[in-house]
Amino acid sequence: MASALIDLDRVGMTYQAASGPVEALAGISLTVGTGEFVSLVGPSGCGKSTLLRIVAGLRPATQGTITVAGRKVDRPIADIGMVFQQPILLKWRSILDNVLLPAELAGKNAAALEPRALGLLEMAGLGGFGGRLPRELSGGMQQRASLCRALLLDPPLLLMDEPFGALDAMTRDDMALELLRIWGERDLGREARKTVLFVTHSIAEAVFLSDRVVVMSPRPGRIVADLEIDLPRPRTVEMRASEAFGRLSLDIFRTLTGREGTGTST
Ligand SMILES: Nc1ncnc2c1ncn2[C@@H]1O[C@H](COP(=O)(O)OP(=O)(O)OP(=O)(O)O)[C@@H](O)[C@H]1O
Ligand SMILES: [Mg+2]
């Protein structure tokens, strides 16, 4: 069995908002193995972004423990690539300089990483846009640039919060395939792959990409299902039309909407 890279033990999160406490997450226990691709799906406001921030150590949980790579998380962790729900690009820096930012923050030689940054931009369909400012790009292009930034230092752990949310359907499918390629679906063994925790609102995207899909309840977010996606790899576009793909998607849809009683949410 693969070793656990992320281990969440009864994690809870209650925000202290001006209007009173907001319980965002409750009793989240989840293990993600090294090299595993796990998607989180759940209704808007159920705490998915909160969970990613907690795993990244950007925000402390109010309950439970979080362990990443064997270390308890109590501060922002290094060696991760994070794609936030909003692109969050520095508006005064060119796209290339935004993509190179993690190198500067890590005290690395940014100039030496320029060829890699340009290669990533090319891969994301942004070749020739490196010199532009973020405001000169569409929302989807900015989102792709933020994906390049997350990949720059080749981190072993990727936390991705609806990274393809602002893309048109065709670009979205292309980026999903590209992500699987970068992840090493074809040429790397499980332990050599990146570990990915991926938030999406698209059930089809979650099934297509993942080894497991974790379904969350409405706020406070709890885990109501954890489904193994036993489709063969490498995944192909044709698989989307398969019976197995449809059955898995329907299972997730039913769990999400409660149309057939999940029986596990309390
Ligand atoms: N900084 C904050 N202060 C107070 N409440 C917050 C804060 N951030 C999030 N919340 C609340 O916590 C809950 C979970 O928010 P979160 O952004 O994690 O949800 P989400 O699942 O990512 O939603 P979406 O799918 O819409 O992105 C929401 O009710 C939200 O209002
Ligand atoms: Mg969110």
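In each ligand, atom 1 is the first atom listed, and ligand 1 is the first ligand listed.
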Show which side-chain atoms of residues 98-109 pair as donor or acceptor with protein atoms under 3.5 Å away, not counting sequence neighbours.
unit_1 : atom_1 : unit_2 : atom_2 : d
N98    : OD1    : L90    : N      : 2.7
N98    : ND2    : L90    : O      : 3.0
N98    : ND2    : R93    : O      : 3.0
N98    : ND2    : S94    : O      : 3.1
E104   : OE1    : R93    : NH1    : 3.4
E104   : OE1    : R93    : NH2    : 3.3
E104   : OE2    : R93    : NH2    : 2.6
N109   : OD1    : A111   : N      : 3.1
N109   : OD1    : A112   : N      : 3.3

Protein heavy atoms near atom 5 (N) of ligand 1, is at least one of them under 4.0 angstrom away? yes
Same hydrophobic cluster for L188 and F198, using side-chain heavy-atom links shorter than 4.5 Å among ILVMFWY? no
Tell me the protein heavy atom at minimum distance from atom 15 (O) of ligand 1, and give that distance in Å. T50 OG1, 3.8 Å
Test your reading of the structure: does V22 have an N or O sitting under 3.5 Å from an N or O of ligand 1? no
Which residue and non-hydrogen atom of the protein lie closest to atom 1 (N) of ligand 1, and at what distance in Å? R59 NH2, 3.5 Å
Ignoring hydrogens and angles, state whether a donor on the side chain of S49 or Q85 is under 3.5 Å from an acceptor on the partner side chain. yes
Taking distance alone, with N or O pairs closer than 3.5 Å, would you say A24 contacts ligand 1? no
Determine whether more than 12 heavy atoms belonging to other residues, nucleotides or ligands lie under 6.0 Å from atom CD of Q16. yes
min-distance protein heavy atom vs atom 13 (C) of ligand 1 -> G45 O, 3.5 Å
Tally of protein N/O/S atoms under 2.8 Å from the Mg ion (ligand 2)? 2
Taking all heavy atoms of V22 and all of A17, pick out the closest pair and write down the distance. CG2-CB, 4.0 Å
So does D226 pair up with R212, basic N to acidic O under 4.0 Å? yes
Just let me know how H201 lines up against ligand 1, side chain, backbone, both or neither, with a heavy-atom cut-off below 4.0 Å. side chain
Any chance the side chains of E162 and T200 put a donor and an acceptor closer than 3.5 Å? no
Does I182 reach the side chain of M123, with side-chain heavy atoms less than 4.5 Å apart? yes
Is there any N or O on G42 that sits under 3.5 Å from an N or O of ligand 1? no
R233 bridged to E185 by N-O distance under 4.0 Å: yes
Of R219, M216, Q85, M13, the one whose closest heavy atom lies nearest atom 27 (O) of ligand 1 is Q85
Out of C46, S49, G47, whose heavy atom sits nearest atom 17 (O) of ligand 1? S49
Report yes or no: does D7 contribute a side-chain atom to a donor-acceptor pair with the main-chain N or O of T31 at less than 3.5 Å? no
Does the ring of F208 carry R240 above it, NZ/CZ under 6.0 angstrom from centre and within 45° of its axis? yes
Nearest-neighbour protein heavy atom for atom 25 (O) of ligand 1, which is reported as residue plus atom name and distance: K48 NZ, 2.7 Å
Among all protein heavy atoms, pick out the one at the shortest distance from atom 8 (N) of ligand 1; state its residue, atom name and that distance to 0.1 Å. Y15 CZ, 3.3 Å
Provide, to 0.1 Å, the distance between atom 26 (O) of ligand 1 and the closest protein heavy atom, together with that atom's residue and name. S44 OG, 2.6 Å
pair F164-T171: side-chain heavy atoms closer than 4.5 Å: no
